[in-house]
Amino acid sequence: MSGRELYQHGDYCPTRNIGWCTIHGILIFGTHIMFNIKHSLELLVSAAIAEATGLSDCNANVIYSSRPEFGDYQANGIMAIAKQLKSNPRELAVRVVSALQSNDLIADAQVAGPGFINLFLNDVTLATAATRFAHGEQNLLDAVDHPQRIVVDYSGPNLAKEMHVGHLRGTIIGDCIVRVLEVVGHDVIRQNHVGDWGTQFGMLIAHMESLGENSAKVHTQLADLETFYREAKSRFDLEPGFADLARSYVVKLQGGDRDCLSAWQKFIDESLGHCEDIYELLGVTLSKDDLRPESFYNNELANIVNALREADMLTASEGAQCVFLEEFKGKEGSPLPAIVQKSDGGYLYATTDLAALRYRGKNLAAQRVLYVVDARQSLHFQQVFAIARKAGFVPGACSLEHIAYGTMMGEDGKPFKTRSGDTVKLRELLDESVRRAHDIVSAKSPELSPEHREQISNVVGIAAVKYADLSKNRTSDYVFDWSTMLSFDGNTAPYMLYAYARIKSILRRQGEGVHPERSEVRITAVEERNLIIKILQFPEVVDVVASECYPNYLCAYLYELAGIFMRFYEACPVLKAESDLRASRVTLVSLTAATLKQGLGLLGLETLEQM
RNA sequence: GGGGGUAUAGCUCAGAUGGAUAGAGCAACGGCCUUCUAAGCCGUAGGUCUCAGGUUCGAACCCUGAUACCCUCACCA
């Protein structure tokens with residue numbers, strides 16, 4: 001955005017998501033572009049700053065006001081600009097305010113403190129915008145004007161074992177990000193980089209083969225993958241000859257031996273079935289089509305090493321093929337290699353990831369690649385990203401991002417395990433959550449039918465686990481705690497679901513009396529105004545989540561929305577109000593319900609009509 | 001030892017580009033159901049934002065140093 005000119009209706013607009021445009025100098029509400037009050041204010045104030053100072057490209061620094069008397073939003077950029085110009089910030093702020101183009105969005109702009117500009121939104125415009133959304137003339141979330149092709153790599157369980165709690169975060173955070181990116185109009189390609197290759201599969205196939213041709217028996221055995229793995233591992237460690245047998249299976253597998261491959265396939269199918277059950281239970285959008293297992297890149301690994309050799313990036317060290325990059329140092333400041341080929345000729349994790357990067361950059365033509373992977377792997381991703389860039393495996397403009405997340409801890413502050421120290425199966429965790437939810441629902445609502453209680457606890461139990469995770473900053477470790485996540489108080493799934501059910505109850509009771517799609521929203525109380533503003537801010541939050549990939553921003557927003565609704569609910573009778581006011585409030589309730597449902601949907605949560 | 005991360009109320013966590021008086025929930029105490037689901041709402045109390053410097057009109061946030069804990073550093077993924 002440069003200078004004083006705003007964009008003409010329908011013009012190319014380099015700043016994304018502007019809800020207002022100008023025609024003949026008059027700011028109007030644009031219908032073809034994403035609604036975003038904050039960006040619109042930034043645009044207006046930036047233009048005024050440019051008008052007042054002659055500077056282009058000024059950051060108006062618009063944020064939400066911390067207190068009601070400071071307006072709805074505030075522009076904090078004036079102080080920095082005044083300093084740059086060596087002028088008095090308050091005087092500059094006054095000039096900027098008087099340079100503000102007339103518009104229907106800002107009702108009042110006041111200079112305060114050392115040079116803040118407090119912005120008060122126009123009630124009529126707010127009510128009009130809410131009405132338009134209620135009438136379905138526009139969606140609160142509309143497509144961005146520059147969709148990107150974005151590859152999101154998430155979940156990626158190891159198929160040798162059953163999914164455990166360690167897979168929870170990546171799976172649900174990734175799924176939320178994918179939903180958010182899609183709803184704003186990006187072209188998203190999911191990639192489930194499952195581990196289906198490597199030495200441990202030789203061991204598993206050897207164990208499976210020794211059980212004989214009885215496929216029913218094999219199926220039964222594989223039903224508990226964890227036990228199956230333990231048995232195979234134990235034979236590998238203890239049984240004479242078994243380790244050699246396992247290794248011979250690895251060689252046969254990699255050599256493309258048909259029998260061996262078919263046994264491997266049988267195992268993989270079985271294990272994938274386990275994953276799909278979990279995905280269904282969790283409500284995760286990953287499907288078979290999204291699978292790009294490690295074995296998918298098998299034939300590319302030698303090419304990757306060759307390409308690195310041709311790029312003169314390869315160094316042989318202690319028998320292994322390595323890439324040394326300046327920026328990575330190991331112990332005692334010694335050069336740190338990324339090993340792409342072992343001394344025995346085998347390939348590694350880094351090699352596979354380089355092949356995946358090249359595939360995503362070249363074949364999938366990604367403009368942005370997101371890796372939703374545990375924070376402990378950050379060095380690995382820094383290395384492969386750097387190597388892929390240097391080797392030209394991905395286009396220079398393609399953004400590579402490690403969307404790192406922290407570890408789930410037990411109450412003792414150590415990584416979450418069972419009492420005996422084993423990893424907790426994801427299936428068991430989710431089942432327990434549903435069971436606990438059922439106990440609570442039965443205690444709170446004994447009058448509901450058993451079927452209804454079961455349905456509620458299925459939704460609440462799963463939502464509780466997901467929401468507890470998504471509502472935390474993904475980069476930090478957090479303590480897993482049943483009582484907090486299943487509590488109906490605070491920023492939890494049960495509270496959110498209850499708020500939604502309560503809202504739906506009003507809409508049910510009002511019957512066919514009011515038609516939100518034809519009614520007019522009015523502002524008669526501060527609680528209504530607060531609710532409208534909060535609803536209209538939904539696109540702003542979604543936009544930030546799409547660019548920065550922090551689902552907890554969305555959770556915080558929805559929690560605040562629910563809280564503001566509750567205050568409205570206490571202060572403003574809906575069904576007891578008369579005629580137009582009743583219609584306005586029912587419409588507002590309906591908008592709140594739609595926003596909550598869509599927001600929870602973006603988190604990957606189901607809602608309940610009744611609790 | 002190198003690199004990275006974390007440190008905010010008794011507990012669990014928020015705090016998006018530095019903004020005005022640092023926020024929730026739990027736990028504690030006190031109010032509100034003849035009124036749209038009380039699984040709710042309102043209020044009280046609780047903080048030298050680990051410590052010490054620095055940058056600035058302004059710092060939980062940026063810089064330097066210290067302390068504590070966590071992660072990571074050659075053929076696992």
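Quick note on labels: first sequence line is chain A, next is B, and so on, each numbered from 1.
- Distance check on atom P: A45(B) versus G2(B) gives 48 Å, rounded to whole Å.
- Rounded to whole Å, atom C1' of C71(B) lies 8 Å from atom CZ of Arg376(A).
- Mapping Gln382(A) and Glu570(A) onto RNA chain B by nearest heavy atom places Gln382(A) at the nucleotide closer to the 5' end.
- Ala320(A) comes within 4.0 angstrom of a nucleotide base, judged by non-hydrogen atoms across all strands.
- Across all strands, Ala501(A) comes closer than 4.0 Å to base atoms (heavy-atom distances).
- Atom-to-atom, CD1 of Ile506(A) to C1' of U37(B) comes out at 9 Å; the value is rounded to the nearest Å.
- Rounded to an integer number of Å, the gap from NE2 of His39(A) to P of U17(B) is 14 Å.
- One C1' atom belongs to C62(B), the other to A24(B), and the distance between them is 27 Å to the nearest Å.
- Backbone-only contact: Asp489(A) has heavy atoms under 4.0 Å from sugar-phosphate atoms and none from a base.
- Atom OH of Tyr559(A) is separated from atom P of G25(B) by 5 Å (rounded to the nearest Å).
- In this structure, U6(B) forms a base pair with A68(B), meeting either the Watson-Crick or the G-U wobble geometry with both donor-acceptor distances under 3.5 Å.
- The aromatic rings of Trp482(A) and Phe480(A) sit perpendicular, their planes meeting at an angle over 60°, well past the 30° parallel limit.
- Of the P atoms belonging to G65(B) and G47(B), the separation is 32 Å, rounded to the nearest Å.
- Going from atom CG of Asn118(A) over to atom P of A20(B) covers 11 Å, rounded to whole Å.
- Distances were taken from every side-chain heavy atom of Pro337(A) (C-beta onward) to each of A16(B), U37(B), A74(B); the shortest belongs to A74(B).
- U12(B) and G54(B): their C1' atoms are spaced 34 Å apart (whole Å).
- Here the P atom of nucleotide C41(B) and the CZ atom of Phe488(A) are 13 Å apart, to the nearest Å.
- Atom name C1', nucleotides G40(B) and G53(B): the rounded distance is 49 Å, in whole Å.
- For a distance-only test at 3.5 Å, the side chain of Asn61(A) qualifies as a donor-acceptor partner of the base of U17(B).
- Within the 4.0 angstrom heavy-atom criterion, only backbone atoms of the sugar-phosphate kind lie near Val479(A); the bases stay farther away.
- Within 4.0 Å (heavy atoms only), Ala112(A) reaches at least one base atom of the nucleic acid.
- Closest contact between the side chain of Asn473(A) and the listed nucleotides U37(B), G19(B), G15(B) involves G15(B).
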Show your reasoning for whether side-chain hydrogen bond (donor to acceptor under 3.5 Å, both in side chains) applies to Glu300(A) and Asn298(A).
CA-CA 5 Å; Glu300(A) 278 301 302; Asn298(A) 212 23; over 6 Å; no

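- Spacing between A7(B) and U48(B) at atom C1', rounded to whole Å, works out to 15 Å.
- A stacked arrangement is assigned to Phe116(A) and the six-membered base ring of A20(B), with a centre-to-centre distance below 5.5 Å and an interplanar angle below 30°.
- Among the protein residues, Ser317(A) comes within range of the nucleic acid bases, having at least one heavy atom under 4.0 Å from a base atom.
- Here Glu318(A) lies in heavy-atom contact (under 4.0 Å) with a base.
- One can place CE of Met79(A) at 12 Å from P of C57(B), the figure rounded to the nearest angstrom.
- Contact annotation: Asn552(A) side-chain N/O to G15(B) OP1/OP2 distance is under 4.0 Å.
- In textbook terms, a nucleotide whose glycosidic angle is within 90° of 0 is syn, and C33(B) is one such case.
- Residue-to-nucleotide proximity on RNA chain B shows that, of Gly319(A) and Ser65(A), the 5′-proximal contact is made by Ser65(A).
- Ring centroids of Tyr495(A) and Tyr559(A) are separated by less than 6.0 Å, placing the two rings close together.
- Atom C1' of C75(B) sits at a distance of 45 Å from the matching atom of C11(B), rounded to the whole Å.
- Across all strands shown, Asn76(A) has heavy atoms under 4.0 Å from base atoms, whether or not it also approaches the sugar-phosphate.
- When the side-chain nitrogen and oxygen atoms of Lys342(A) are compared with OP1 and OP2 of C76(B), one or more of them lie within a distance under 4.0 Å.
- Across all strands, Ile63(A) comes closer than 4.0 Å to base atoms (heavy-atom distances).
- Nucleic acid contact for Lys161(A): none, since no nucleic acid atom lies under 4.0 Å from a heavy atom of the residue.
- No aromatic stack links Tyr553(A) and the base of A16(B), using centre distance under 5.5 Å and interplanar angle under 30°.
- Each of Met163(A), Gln200(A), Glu294(A) was evaluated against Asn158(A); a single residue qualifies, Gln200(A), per the side chain to side chain contact (heavy atoms under 4.5 Å, CB included) test.
- Here, A66(B) and U72(B) have their P atoms 24 Å apart, quoted to the whole Å.
- Distance NZ (Lys472(A)) to P (G25(B)): 15 Å, rounded to an integer number of Å.
- Phe267(A) and Phe201(A) have perpendicular rings, their planes meeting at more than 60° on a 0 to 90° scale where under 30° would count as parallel.
- If you check every strand for non-hydrogen atoms under 4.0 Å, Tyr495(A) touches sugar and phosphate atoms only.
- Within 4.0 Å of Tyr557(A), counting heavy atoms only, lies no atom of the nucleic acid at all.
- Counting only heavy atoms from C-beta on, Arg67(A) has its side chain closest to U21(B) among G15(B), C36(B), U21(B).
- Distances shown here put a side-chain N or O of Ser66(A) below 4.0 Å from the OP1 or OP2 atom of A20(B).
- Regarding contacts with the backbone of C57(B), a side-chain N or O of Lys83(A) is found under 4.0 angstrom from either OP1 or OP2.
- Taking only side-chain nitrogens and oxygens, Asn491(A) never comes nearer than 4.0 Å to OP1 or OP2 of A14(B).
- Between Phe70(A) and Phe116(A), the gap from one ring centroid to the other reaches at least 6.0 Å.
- The shortest distance between the side-chain N/O atoms of Ser476(A) and the OP1/OP2 oxygens of U12(B) is not below 4.0 Å.
- Ring to ring, Tyr498(A) and Phe488(A) are not that close: their centroids are 6.0 angstrom or more apart.
- Nucleotide A28(B): paired with U44(B) (Watson-Crick or G-U wobble, both distances less than 3.5 Å).
- Ionic pairing of Lys504(A) and Glu609(A) is present here: one or more N-O contacts between side-chain nitrogen and carboxylate oxygen are shorter than 4.0 angstrom.
- Base-pair partner of C57(B): G19(B) (Watson-Crick or G-U wobble, both distances under 3.5 Å).
- Using a 4.0 Å heavy-atom distance criterion, Val194(A) is classed as making no nucleic acid contact.
- Between His193(A) and Tyr297(A), the ring centre distance stays below 6.0 Å.
- Note on ring orientation: taking the six-membered ring where Trp is involved, the planes of Trp264(A) and Trp197(A) are perpendicular (angle over 60°, cut-offs 30° and 60°).
- Within the shown strands, nothing qualifies as a pairing partner of A39(B) under the Watson-Crick or G-U definition with both distances less than 3.5 Å.
- Using a 4.0 Å heavy-atom cutoff across all strands shown, Arg567(A) reaches sugar-phosphate atoms only and no base atom.
- Between the side chain of Glu560(A) and the base of A24(B), no donor-acceptor pair of N or O atoms lies under 3.5 Å.
- Ranking G19(B), A20(B), U37(B) by closeness to the Pro114(A) side chain, first place goes to G19(B).
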